[in-house]
Amino acid sequence: MYKRLHWVGVLCTEENHDPAKHCFPRFFRHCDRIMGVPHFSLNGGALILLTALIFLYVPGIRAQSGDPTNEQRLTLVIDVLELLHITSPSYLSITFSSGQLRRGLVGYDFSSQKLKNLAAALSPADVRVGGTYSDFLNFDPISDDANCVEVTAPGKKSTEELDFTLSGQRWDNITRFCDQVGWDILWDLNLLDRHNGSWDPTLAEEFLDYSSSRGMKIPMFELGNEPNLYERKFGVILEADQLVKDYSTLKDLLSQMPQYAASGLYAPGVNNLDTFSSSRKYLAQFLQNDGCEVTTEVALHHYYFKAEEAHTQDFVDVEVMDTLRTQLEFAYNISWSSCRSRKPIRFTETSTASGGGVPDVSNAFIAGFLWLDKLGLSATFGITRVFRQTFLKSSYALVTKNLKPNPDYYLSVLFKRLVEGPVFSVSNESLKPEVRIYAQCVGKSYYNYPDGAIVVYYLNVGSESSVLSLGQFQGTDVHLFILSPGDENGMLSRKVKLNDELLEMNGSDLPSLEPKPHSGDVPLAPKTFGFIVIPEADVQLCKQYHRHDEGKIVSC
């Protein structure tokens, strides 16, 4: 109870709201989560008690968050002599759901300059076109493109009723758009198209023949979506060893097509190893039955929680954040023990909450903490891609259906522009659990920082300010890109500020995302996250990466 009461108090007081006008109504709206009963059913005595608790408790929260004496001094210690891994410029990638294909891509006006600008700002990137409805997708190059199919949740109708067709014209439009904005396609093929217990490649071959004849680039493929759940969802049992055989069939098919012979294969796409032992078992069985040989990388899905079970405070809970570490440890342990050599791993689908995200939360400022921590932690483990679910629409989307960027969109654009290459170990000895810090080399393609520059990115989910001393980079001027809530809704704001300046689109153009020069120690305000660029860091491994060092620097 007290944890949830503290959370409500923080939400109410962080913008110095009037308790009578803002805090009390918000508190009582959350009483069903705090006390386990709807607020309207509380009797008079309970209301008096809860009101007294707010009066007593909230001022303490306000004093705690605003008292400069509570600031903790942190010292930045980065091991820049040895890299952990190297992330590519396409490390942060995106998805759009095959369910949107089923609806005829409503909202995707591929002629829209605003849509193109929003998409291009995330390039270079891979885009996974897949998900649940990929297993009901058929292709007909000459089908009528005028009609859309009403979306029905799988499981509520037979699989035959869920089938839909992608036309050649719509597929042309998709690939043309991806070429224009700098996205490479990861295409998810229909795995439920089966014959005598095995995957039937007939329709896939027709799709590939059409694509090849038109010179379409498809550098990556998957088969199906979360096949370990087929029995529960569709009544179809697909064992891991059979999935290996299906991928072998796909590999043979691609080898006969010069356009796609070198395309990568990613599997098995199981979900949440940290939560489901069945997912861990399926992954191990897949890899041990020659899955290591038929695939390019291991593909996984990850969500922190289900949308219907999530609470707002879960988005800033360090224990929730740490569940991702458990997933990553499981993934690498299973991969190491099952394959003869280290198999790269990627998240081909991931976001905060499954089931479309939590309305008004997964698309608010608060969602950025889990997103930035996932990018940083995954990079330290050597994850090759993190595909954000999803680019457009739904509660966890980067962009609304009206082409309005959510806060995570701007966070993602800054990450794309600033973070690239060697990943370094950051000592956490002086850090408190509420402060996470990651360090990598700077991407040079946008801001043109000097060779050897480094970027530190942080998140502070606590209620206290911290001050970061730059350690071995002390005395060096830095550039700050600090993100904070954009309006009075605070952590639940759908807007975001960069260095205290509200970010808003100018017609079809993105706002300028310029740094703030800074000297000395860096304040890490509570409930903020951002990037600290050290232009004159002169890190040798970054110099080698920035200059490409004649190809001598390699990922470990």
Side-chain angles (χ1 to χ4, degrees), residues 1-12 14 26-39 95 97 99 131-132 153 155 226 229 232-233 271-276 279 300-328 347 349-375 377-378 386-390 393-398 400 406-409 411-412 433-434 436 459-463 485 489-494 496 527 529:
M1 168 183 172
Y2 294 106
K3 183 177 180 181
R4 301 197 188 284
L5 179 60
H6 178 275
W7 171 250
V8 175
V10 169
L11 281 179
C12 292
E14 61 186 0
R26 185 178 296 186
F27 179 87
F28 290 122
R29 285 199 303 271
H30 285 73
C31 279
D32 59 329
R33 290 181 176 176
I34 298 171
M35 303 296 287
V37 294
H39 69 270
T95 74
S97 169
T132 299
E226 299 177 356
L229 300 180
R232 177 169 64 82
K233 288 184 175 181
N271 60 319
N272 280 64
L273 302 178
D274 57 308
T275 306
F276 304 116
S279 293
L300 302 174
H301 296 178
H302 177 264
Y303 294 90
Y304 291 98
F305 31 68
K306 296 179 180 179
E308 64 271 17
E309 298 175 357
H311 297 284
T312 306
Q313 68 272 15
D314 294 336
F315 286 71
V316 287
D317 189 329
V318 294
E319 294 182 2
V320 172
M321 292 179 177
D322 287 340
T323 61
L324 175 61
R325 180 179 293 275
T326 303
Q327 159 108 355
L328 293 166
F347 286 128
E349 179 183 318
T350 188
S351 194
T352 52
S354 61
V358 182
D360 302 320
V361 183
S362 290
N363 48 11
F365 177 83
I366 194 173
F369 294 96
L370 289 177
W371 181 222
L372 187 58
D373 190 62
K374 176 171 288 184
L375 290 168
L377 186 59
S378 297
V386 181
F387 284 78
R388 169 59 183 256
Q389 178 90 345
T390 175
K393 298 187 172 184
S394 73
S395 293
Y396 47 35
L398 296 178
T400 72
N406 286 319
D408 271 8
Y409 173 81
L411 171 58
S412 300
E434 294 81 8
R436 306 287 178 104
L459 50 132
N460 181 4
V461 300
S463 300
N489 290 317
M491 297 286 278
L492 298 181
S493 175
R494 298 287 296 278
V496 62
K527 301 298 189 298
F529 46 79

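Contact check for Tyr396 versus Thr390: side-chain heavy atoms found under the 4.5 Å cut-off. In this structure, the side chains of Thr132 and Lys233 come closer than 4.5 Å at one or more pairs of heavy atoms. Looking only at side-chain heavy atoms (C-beta outward), Phe305 and His311 stay at 4.5 Å or farther from each other. Inter-residue side-chain proximity for Trp371 and Val386 is flagged as met; some heavy-atom pair is nearer than 4.5 Å. Side-chain contact between Arg494 and Thr400 is present, with at least one heavy-atom pair separated by less than 4.5 Å.
To the nearest 0.5 Å, atoms NE2 (His301) and CG (Leu273) are separated by 11.0 Å. Interatomic distance, CG of Asp274 versus OG1 of Thr326, reported as 6.0 Å (0.5 Å rounding). To the nearest 0.5 Å, the span separating CG on Asn363 from OG on Ser394 amounts to 8.5 Å. Between the CD atom of Gln327 and the CG atom of Asn272 there is a distance of 5.5 Å, given to the nearest 0.5 Å. Going from atom OG of Ser351 over to atom NZ of Lys374 covers 6.5 Å, rounded to the nearest 0.5 Å. Here the OG1 atom belonging to Thr95 is positioned 6.5 Å from the CD atom belonging to Glu349, to the nearest 0.5 angstrom.
With salt bridges taken as basic N to acidic carboxylate O contacts below 4.0 Å, none links Arg325 and Asp373.
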Audit row: Met321, Phe369, side-chain contact (heavy atoms from CB on, under 4.5 Å) steps and yes/no | CA-CA 9 Å; Met321 292 179 177; Phe369 294 96; 3.9 Å; yes
Please walk me through it: do Thr352 and Ser362 pass side-chain hydrogen bond (donor to acceptor under 3.5 Å, both in side chains)?
-> CA-CA 7 Å; Thr352 52; Ser362 290; 3.0 Å; yes
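Among all heavy-atom pairs drawn from Leu411 and Gly368, the shortest one is CD2-O, 3.6 Å. The heavy-atom pair separating Gly355 from Ala307 by the smallest distance is O-CB, 4.4 Å. Heavy atoms only, all atoms of each residue included: Ala353 and Lys306 are closest at CB-C, 4.2 Å. Of all non-hydrogen atoms in Glu434 and Gly462, the two that sit nearest each other are CB-N, 3.6 Å. The two atoms that bring Pro407 and Ser493 nearest to each other are CG-O, 3.8 Å, heavy atoms only. Closest approach of Ser378 to Leu324, counting heavy atoms only: OG-CD2, 4.2 Å.
Here the side chain of Asp408 pairs no donor or acceptor atom with the backbone of Leu398 at under 3.5 angstrom. Not a single donor-acceptor pair under 3.5 Å links the side chain of Asn271 to the backbone N or O of Ser279. Of the possible polar contacts, one joining the Asp317 side chain to the Glu319 backbone as a donor-acceptor pair under 3.5 Å is found.
Here the two rings, on Phe365 and Phe529, have centers that are under 6.0 Å apart. Under the 6.0 Å cut-off for aromatic ring centres, Phe347 and Tyr303 do not qualify, their centroids lying 6.0 Å or more apart.
With Val461 as reference, Val318 is the one residue of Leu370, Ile366, Val318 to meet the side chain to side chain contact (heavy atoms under 4.5 Å, CB included) rule.
Partners of Tyr304 according to the ring-ring contact (aromatic ring centres under 6.0 Å, His included) rule, which considers only residues two or more places apart in sequence or in another chain, are His302.
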